[in-house]
Amino acid sequence: MSKQGFKTFKGGIHPPYNKELASGKAITRAPVPAELVIPLNQHIGAPNEPLVSPGDRVTVGQKIGGTDAFVSAPVHSSVAGTVKAIEDRPSFTGQIAKSVVITADAEQPAFEGKPSKPLGELTADDIREIAKEAGLVGMGGAAFPTHVKLSPPKDKPVDTVIINAAECEPFLTCDHRTMLERPSDLVEGLKLLMKAVGAKKGIIGIEANKMDAVDTVRSHVSAEPTIEVDVCDVKYPEGSEKQLIWALTGRKVPPGKLPSEVGCLVQNVGTAVALFEAATMGKPLYERVLTVSGQGIKEPANLRVLVGTPASVLVEAAGGMVSGAAKLIMGGPMTGWAQEDDTASVVKGTSGIVALPPELVDVRDEHACVRCGKCVDVCPMTLMPNFIVDSVQKEEWEKAELWGAVDCFECGCCSFTCPAYIPHVDYVRKAKAEIAALKKR
Amino acid sequence: MANSKFMATVSPHLHEKGQTIDRAMRDVLIALTPAALWAIIVFGFNAFLVMLVSIVTAMLTEVVMRWILGRKATLKDLSAVLTGLFLAFLLPVTTPLWVVAIGSFLAVGVAKELFGGLGKNIFNPALFGRVALMISPLWIYTAKFVEPFWWRGIGFFSPIHTSINNAVSGRVIYKTFTGGVVNATTSATPLSLLKSGKMLTNTVTGPTPVGATWLTSNGRPSGWSLFLGLKSGSLGEVSVLLLLVGACYLLYRRTIDWRIPVGVLGGALFIFLITWNHPLYQMLSGGIWLGALYMATDWVSSPVSRRAKWIYAVGIGVFIGLVRLYSPWPEGVAISILIWNVLTLLLDRYVAVPKFGEVKKPLFNRLPAFPKPKPIRVEEKA
Ligand code: SF4
Ligand code: SF4
């Protein structure tokens, strides 16, 4: 515990948060773009097949991509419109992704909710099925299919469900706003999650820089003896799954293991609310709340955005870009993807769009490691980032694994603090690919 | 909206403000400034010349060596300046300037650049330069010390110049250019006094030029004069107080890790305590503070993990104690740090840092496979 008595973990950094740019902005609806590009695969797992063809009419919430594989999440159309094409488009990661391109109708009908069973009557299996059909994934960025997380191995019962409301990435405020504006939906979503895995306890972990959200959510759980709201230290990456579990429960997930190993399940605020929506009105995950912010954005905003909306439309909706902005990031500035242009579209896991002015962009040539040990001190996984880099440079993949390349979750603390400006994450990704290839043989 | 191009680099997209190599070097230079000024006051203008020559040679060496080796110039990271100043700090004021230049060349040219440049060097460059001079035939020029404030009555600006009278017997005569002979052979460092068997008493004689108590009756400096810096020695090591002041700044800036000085000083103190060998006098004399605060904490030549840092630091401290007590040399700071610079290679490789949540907490990393099989991916390409 930190000195203020907040829950915390070892390592980590204190980046400039800049949350005030958008934290006071209520969530508004982003405009419907004329054309949407919806990647077929927005999750971790088996690839989806398109279920529509060019020329087909689609409606809001219609399933347009899916597969029978268990570890997968279907995608749905976010608008009523016509399928223009199914083709390869560059995604936000810069890689090519097979996408459904849809031309939106000028008039958009409201989503027609299907009545479902009353919440109280849903069984655990029902909830898993709902999550699966709605295409729910983790909305904090990792995009792991939710129903898979809700099916922990039989010998590893989950007793605690944690809502990850730390929102430790700088600039992002969408979870913060969601908690302020929809606290009861969040709590209902959490109750559904607890029911799905048979957990007896629910914890909502919120960073101490969102005390208004703590108060709001607390007032909504006062009647729930099984749910508590805990305040976490303001430190990055508080919202990393393993670090959050440790901070809140004192349990440590061993390397290479899932949270169910220690009886925990972690879900994001957005995912819990989406589950609630899916359970009450059958609404699939075709829209999400995200933050458009950064000193490079004229009027930072929290927007309810249709999946498939191009970044340019959202930047425009937030007043446009300040001239001379140097970087445009999909996601948060610590783990997000820098864009070459503003054409990539929003996916289920996109938590923000951040534009940075040149004075906040500090990119320099990589110097040889000067062995200061700062990266080692801040690594929340207590790895040896400098030696991972060294091993990769020498192509010694075994050693890269010994130093922890596989256990790195690419939080970026090491590079943030590195005086030699070494891009560790780049090296780690290389190491992971090589090690995986070596293991396959 | 126009498809303007942005910078597409790998995450993270933020960097800690001011966390750069240049800043770290600048921090250390700032931290050393009080001690450098004090050295000039105590040892006269000649001390400034020694520092100047050392720094300028270091910078020249870096430029030339990097040019020869086809590397990019890096003068502006200040590391050469720092190495030069450090080397000067390790030398007595009587060192002839050409010897200073040779030492500085060895420090930057050999210990740093030939080892691969900043970051790849195994040894602390300044210590390497110092010890290289010490074990070379030039040692004779670097082994004699003058009294503090030797320039009183001779002149603050009088430079010292040297001639060897008889190299075999090791007698060096120091002269000012105006002809006055500087009495260097008779003033020994606090540690050599101890080594030669002078006992410590508490009787105090006479005030110093700045008012503190100066010497004990048997000719050894008092604790206070050791702490304040009224003793003979190499340029940088004389004032414990000023070194501490600078180090506080570095600790505040988190440029150095507190574990290393605490480990070094603790390790040495432990040895002096269990042998009860004038612990206070030992701890206040010689280069132990300069070594613990500024030399052992050098980023490049110390281990990276906290665990390994503890072992390294305590190891240095213990070695200092043992060398001072059981070797023919009065001082052991430089050699102890250099030895542990080499051992750092092993510490880094074998001291295990358990990963987050690791159940078995190993103390050592597994040994490397001998002989190492070549990576399999070579075939893959074929
Ligand atoms: S090594 Fe990986 S887990 Fe550790 S700080 Fe760097 S990015 Fe984060
Ligand atoms: S922070 Fe950078 S320079 Fe320091 S040890 Fe790590 S990789 Fe090397």
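Naming: A, B, ... by sequence-line order, numbering from 1 per chain.
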4.5 Å side-chain heavy-atom contact, [X] and [Y]:
| X | Y | answer |
| --- | --- | --- |
| B:V353 | A:M384 | yes |
| A:Y421 | B:I21 | no |
| B:L118 | A:H367 | yes |
| A:L356 | B:L14 | yes |

[X] versus chain B, heavy atoms under 4.5 Å apart: side chain, backbone, both or neither?
| X | value |
| --- | --- |
| A:I329 | side chain |
| A:P380 | backbone |
| A:R251 | neither |
| A:D365 | side chain |
| A:T335 | backbone |
| A:V363 | side chain |
| A:D426 | both |
| A:C369 | backbone |
| A:W246 | side chain |
| A:F9 | neither |

Quiz item: Is a donor on one side and an acceptor on the other found under 3.5 Å between the side chain of A:T382 and the backbone of B:P354?
Solution: yes

Self-check item: Donor-acceptor contact present, side-chain B:K120 to main-chain A:V370, <3.5 Å
Solution: no

Quiz item: Do you know which of A:A420, A:G336, A:G404, A:P15 has the most heavy-atom pairs under 4.5 Å to chain B?
Solution: A:G336

Exercise. Just give me the residue among A:A368, A:P16, A:P254 that pairs up with chain B most often, heavy atom to heavy atom, under 4.5 Å.
Key: A:P254

Quiz item: Checking A:K242 against B:F356: charged group under 6.0 Å from the ring centre and within 45 degrees of the axis?
Solution: no

Quiz item: So, are A:D362 and B:K17 salt-bridged, with charged N and O less than 4.0 Å apart?
Solution: no

Quiz item: Rounded to the nearest 0.5 Å, how far does CG of A:N386 lie from CG of B:D348?
Solution: 7.5 Å

Quiz prompt | Value rounded to 0.5 Å, distance of OG1 in B:T20 from CZ in A:R364 | solution = 5.5 Å

Self-check item: Heavy-atom pair of closest approach, residues A:C372 and B:K309
Solution: O-NZ, 3.8 Å

Self-check item: Residue pair B:A8 / A:E340: nearest heavy atoms and the distance that separates them
Solution: CB-CG, 3.6 Å

Exercise. Pull out the residues in residues 292-303 of chain B that come under 4.5 Å of chain A, heavy atom to heavy atom, sorted by number.
Key: B:W299, B:V300, B:S302, B:P303

